[in-house]
**Student:** 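Before I ask anything, let me first share the structure, which is written out below as C-alpha cells.
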Amino acid sequence: MFAVLTYTDCAADESVSGRSGFQFQAESAEATPTDEHRISSGLLHVVPMGLAPERPEKHPPTCAYTAVDGRFYLARGRSTGRTLSGRPGNQVTQAIVTESAADILPLRPAQLYSSSSWSLQRAPAREVPGWEAPLEIDPAFETAGLHQLVVSESWSRDLLPRFLTMVEQATAEQRVKLIVVHPDQDVVMRWIALASLFEDGPRALELTFRVYAANPLAESAHIVGAHPALSPDLTPDRAVGCNVVDLDQRVATAVEVSPSAALHAAWFLEHDPYEALDAVETSRRWAAVVPAGSAALAASVACLEGAEQQAGRPGFAAALVALGALADGAHGDELEAYGDALLDVVVGRRPQPDDDIAALTTALWRLHEAGEGALAAGLALAGLEWAVQVPAAAGAWARSHPLPRSASEERQLNWADADSAAHAADLIGQVLAAAPDEELAHWFTLARALGTGLAADQVRTDIGRLARRWATRPDLTGSAFSWLHVDQVTLALQEELQVRFEAGEPAAIAALEAGSWDWLAGPGSAVDPERRPLSTWLASRTLRTSTPEERLRIVRQVAPRVPRWASAVFLERRGEQVTADEVVAWLGSHPMLSPGLAHLVEQVVRAGLRTGRPGPLERLAQALRADGVTGHTPMLKTFLHDVAQVSTTLRNATGQAADRRNDSLRGLATLPELWLRLYAGDLAELLLSVADESGIVSLSEAARGTLDGALELAIVRLARQVDVRALLGGLRLIQVDPGGLGRPARRGLARVWEDPAQSEVRDRLAASLPQDWAPLLQDFEGSLGKGRRTRAAVRNARRILDSKERH
C-alpha cells in the first residue's frame, strides 16, 4: 500500500495541519509526519523563476525520487498559476510513499511515473485513500515499450552501451552524475526507467533522480533530467564532471564503454528483452560473490536462450565459477533458479584436452558441502564423461582429489537418481580400466567419494591391479582406508603377498621383515593356515617377542607350509635367539641345510656346548643324522662325530658299571672339558654307579671340579628317590677320592642327613646299604657330628671376641 500526499497552497480549513499557505492539502491514513518533512524539504515541485509566471502550462513538470531509512518516495509536480491570494507561483505536488520494496518491485520507481493514478490536482478532501500495490503502468514504460524505444532508431541503439556505462558511473562509489536532456518529461522518464531496469532490484531502489531541475549541475541525485528551457546552455562540453545525454540534440559525453555495459547492451538489443534484463539483474546480483566478468558471462548462459550454444570455453569456465561461488555464499535460491541452466552449460560442452578439470571438481565439492546434492551429482557425471573422453583429465582429477586425513572427514556424494548413479558407476568402471597402475590408488579414493554404488565384481580386475601395486608399495597403506571396496582390495593383497612370499621375492620379504604388513596379522599372533594363509608368514614377525615355547610351537606349525629357503626368515634372522629344538623342528620338514642355515646351526651348537644341556644337542644331532639331511659343514660333521663318541662311551661305561675295570669310564676321562661339562649330569649318575675306583679317580682328575655341582645335586635327587646309589656311590667317592669328588659327595649326603624332614629317607637308604659298607656310613655320620661341634666352637669364639671388643 502506498501512502498518498498532496501539497499546494490552501486555506486553513483545507489543509491537513489546519494552517493556511503552502501546506499538505490531503493525505492518506498511511502518511506520517516524517513523510511530510522529507517531501516538503526535497521533493516538491519548484516553480521556475525564469519562465513567465502567467503561463504555468509552459512550465516543465517535475518528478523526483529518493529512498531514506527504508522508505521510498516518488513525487510529481507542476506549476498551477496563482495562489489563493492572487500571487503567481502556485504549484501542486503529489507524492506516494511505501516502506515495502515489494510494493514496487519487480517494477522500478521510474516506471511508476506512468501510472494512471496520478492526478496532480487538488484533492477533493483532506483524507484520501492510499494506492493499492502493484500499480498499473503505461505500456510505453513496460519492458517491451522501453525495448522498442531503443531498438527503433539506430542512434538509440548506438547510444545504449555508452548510456549504460554512464549509469554504472552514476552508481559507482566515486559517482559521476548523469544528466538527461529533453523537453518531453515522458521521454526523459522512459530513459531513466530504462536505466533502472539494468540494475538489480535493491540497487534500483537506491537509484535517485530528479526531473526537471532548475540547476542540474547542483542536484545530488544520481540521474537528473534537464529541460532546454531551464538549462539552455547545458551541453556535454560545458557540464564538467558530469555525463550528459542530450536526447533532443542527439549528442552525448564521450565515455569509454565498460565491458559489462557493452555485454548488457548487446543482450538487450539481440535477445528477448525480458530474458536480457533477467540476465542483467542476475549478473548484477552475482557480481557480489563472483568476479564481474565471470558473473556476466555466467548470467548470460543461464538466462539467455541459445547463449550456452555460443558460450565456448569462457562460458563453461564462468558457469563453474558461478556454481562454486554461489554454493560458498549459501545462495540456495539462486542455485535453485539457475543451477540447472549453469549445469547444462557444463554438460553440453565437449571438453578439450587442454581444459582444466580442476575447476569442475572444485565446484562439485563446493556444491556438495553446501547441500546441493543434485547439482553436485550432475557435475560428477559430467566430470566422469570428461574423464572417459580425455584420459589426461582423468589422471589430473584423481591426483588432485584430496585424501581425507581420517575416515570421519571423507566426502561422499548422494545420488537421488538411481539411473544417473548407475551410469556414473559404469563410467567409473571405464576410467578404472583405462587408468595406469600408478593412478589406481587415487582413482579408488575418488571412486569411493563419488558414491555411485559401483559393485566390486564390476572392477575385479582393477582390484587385482591395485592389490599388486600395493604389494610393491607398502606406503599406500596410509591411504587405503579411503579406497572403494578396500576390504576386497585387502583380500586380494593378501593373496598377492602370499604368492610373492612363497616365491621369495626380495622386496616382498624385505617389506615383511620391516613390519610393513604387521597390521594384517590382526589381534593376537595365532597361525591359522586354513582360514588365514598369510598368518603363516606374518608369524615370523612375532618370533622375536614370543616365549621359547611359543617360538617352538610357531616353527613347528609353519615349517611344513613354507619353502626351504624361508629358514632365512623364520630362523636365520634371529641368530642367537634360535634354539636347538627350533632347528630340529625345521629339519623335520626341510632336511637340506642351506649355507645360511648351516652357519646358524653352528652357532646353536657352540652356544649349546658352552651353556646348554646335552638333551637338545643330542636331539639336534639326531635330526642332523636323519636320512636325507645334507649340507653339513666340517664343524657340524665334527660335532656329530663327537656326540656319537660321547654317547657311545657313556652307554658303554654304564653297561660296565659293575666291572672292576671300566675301560669306557677311563675313556671318558680323555674327553675335552667342555664335553665333560655338557654331560655333567649323566657323568654324575654314572660315577655313583661304577665300581672301578681307579677309573673314578682318573675321571675326577680330568674333570677338575667340573662335575662337583652336578654330583651334589645327583646325590640329593637320588637320595630323595630312595635310590641306594646315592648313599653307596657317595660313600665310595668319599673313600676313594676324598680330596676330589669326595667333597661334593659329602656335601650332597650332608644335605640329606642334616635335613630333619629326610629322616625316613635316611633310614630306608641305610637299610638298603650292604652290611660291609656300614663302617663307612658310621664314619660319615661321625664326621657330621664333629663338623657340627667344630662349627659351634667357631661361633662361640666369635661371640667372645665380639664381647671383648665391645668392652
Side-chain angles (χ1 to χ4, degrees), residues 282 286 289-290 294-295 298-299 301-302 308 311 315-351 355-390 393-405 407-432 442-454 482-484:
T282 301
W286 292 357
V289 294
V290 181
S294 295
V301 297
E308 68 275 11
F316 172 83
L320 290 173
V321 170
L323 284 168
L326 293 172
D328 287 347
H331 294 286
D333 51 346
E334 296 287 336
L335 290 170
E336 182 178 1
Y338 300 101
D340 288 340
L342 292 171
L343 180 61
D344 288 343
V345 176
V346 177
V347 173
R349 171 174 161 76
R350 181 178 180 85
D355 283 344
D356 182 12
I357 199 172
L360 182 148
T361 58
T362 299
L364 186 166
W365 294 114
R366 290 160 77 182
L367 288 165
H368 168 69
E369 289 163 8
E372 299 291 339
L375 290 174
L379 278 187
L381 197 56
L384 289 170
E385 295 278 8
W386 190 346
V388 169
Q389 297 172 31
V390 185
W397 185 5
R399 289 189 298 273
S400 68
H401 182 70
L403 181 70
R405 287 173 293 179
S408 63
E409 295 184 1
E410 283 190 87
R411 298 165 163 175
Q412 191 156 24
L413 290 185
N414 294 315
W415 295 76
D417 182 67
D419 290 340
S420 296
H423 181 45
D426 180 64
L427 292 172
I428 290 178
Q430 296 180 50
V431 174
L432 288 175
H442 300 300
W443 258 109
F444 268 74
T445 294
L446 178 54
R448 175 167 172 156
L450 294 178
T452 63
L454 178 64
S482 67
W483 292 346
L484 178 70

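Note that these values count all heavy atoms, side chains included, but never hydrogens, waters or copies made by symmetry.
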**Student:** Mind listing the closest non-hydrogen atom pair of Ala322 and Val290 along with its distance?
**Tutor:** CA-CG2, 4.1 Å
**Student:** For the residue pair Leu342 and Ala298, what are the closest heavy atoms and their distance?
**Tutor:** CD2-O, 3.6 Å
**Student:** Measuring from Trp386:CH2 to Trp397:CH2, what's the distance to the nearest 0.5 Å?
**Tutor:** 10.0 Å
**Student:** If you measure from CG on Leu446 to CD1 on Ile428, what distance do you get to the nearest 0.5 Å?
**Tutor:** 7.0 Å
**Student:** Any chance you could measure Leu367, atom CG, to Leu335, atom CG, to the nearest 0.5 Å?
**Tutor:** 6.5 Å
**Student:** Looking only at non-hydrogen atoms, find the nearest pair between Ala302 and Tyr338 and report the distance.
**Tutor:** CB-CD2, 4.1 Å
**Student:** For a quick test of reading the model, state the closest non-hydrogen atom pair linking Ala382 to Val346 and the distance between them.
**Tutor:** CB-CG1, 4.2 Å
**Student:** Start with the C-alpha gap between His401 and Trp365, add the side-chain angles, then the distance that decides, and say whether ring pair (Phe, Tyr, Trp, His ring centres under 6.0 Å) holds.
**Tutor:** CA-CA 10 Å; His401 182 70; Trp365 294 114; 5.6 Å; yes
**Student:** Can you find a heavy atom in the side chain of Gln430 that is under 4.5 Å from one in the side chain of Leu427?
**Tutor:** yes
**Student:** Mind listing the closest non-hydrogen atom pair of Val431 and Ala394 along with its distance?
**Tutor:** CG1-CB, 4.0 Å
**Student:** Is any side-chain heavy atom of Val347 less than 4.5 Å from a side-chain heavy atom of Leu381?
**Tutor:** no
**Student:** Without swapping roles, check the side chain of Thr361 against the backbone of Ala358 for a donor-acceptor pair under 3.5 Å.
**Tutor:** yes
**Student:** Enter the distance from Leu454:CG to Phe444:CZ here, rounded to the nearest 0.5 Å.
**Tutor:** 8.0 Å
**Student:** Among Leu360, Asp328, Leu379, find the residue that satisfies the side chain to side chain contact (heavy atoms under 4.5 Å, CB included) test when tested with Leu323.
**Tutor:** Leu379
**Student:** As an exercise, state the distance from NE2 of His442 to CH2 of Trp483, rounded to the nearest 0.5 Å.
**Tutor:** 10.5 Å
**Student:** Hey, what do you get for CZ (Arg411) to CG (Leu364), rounding to the nearest 0.5 Å?
**Tutor:** 9.0 Å
**Student:** Taking all heavy atoms of Ala387 and all of Trp443, pick out the closest pair and write down the distance.
**Tutor:** CB-CZ2, 4.2 Å
**Student:** Are there more than 12 heavy atoms of other residues, nucleotides or ligands under 6.0 Å from atom CD of Glu369?
**Tutor:** yes
**Student:** Are any of the side-chain heavy atoms of Val301 and Phe316 separated by less than 4.5 Å?
**Tutor:** no
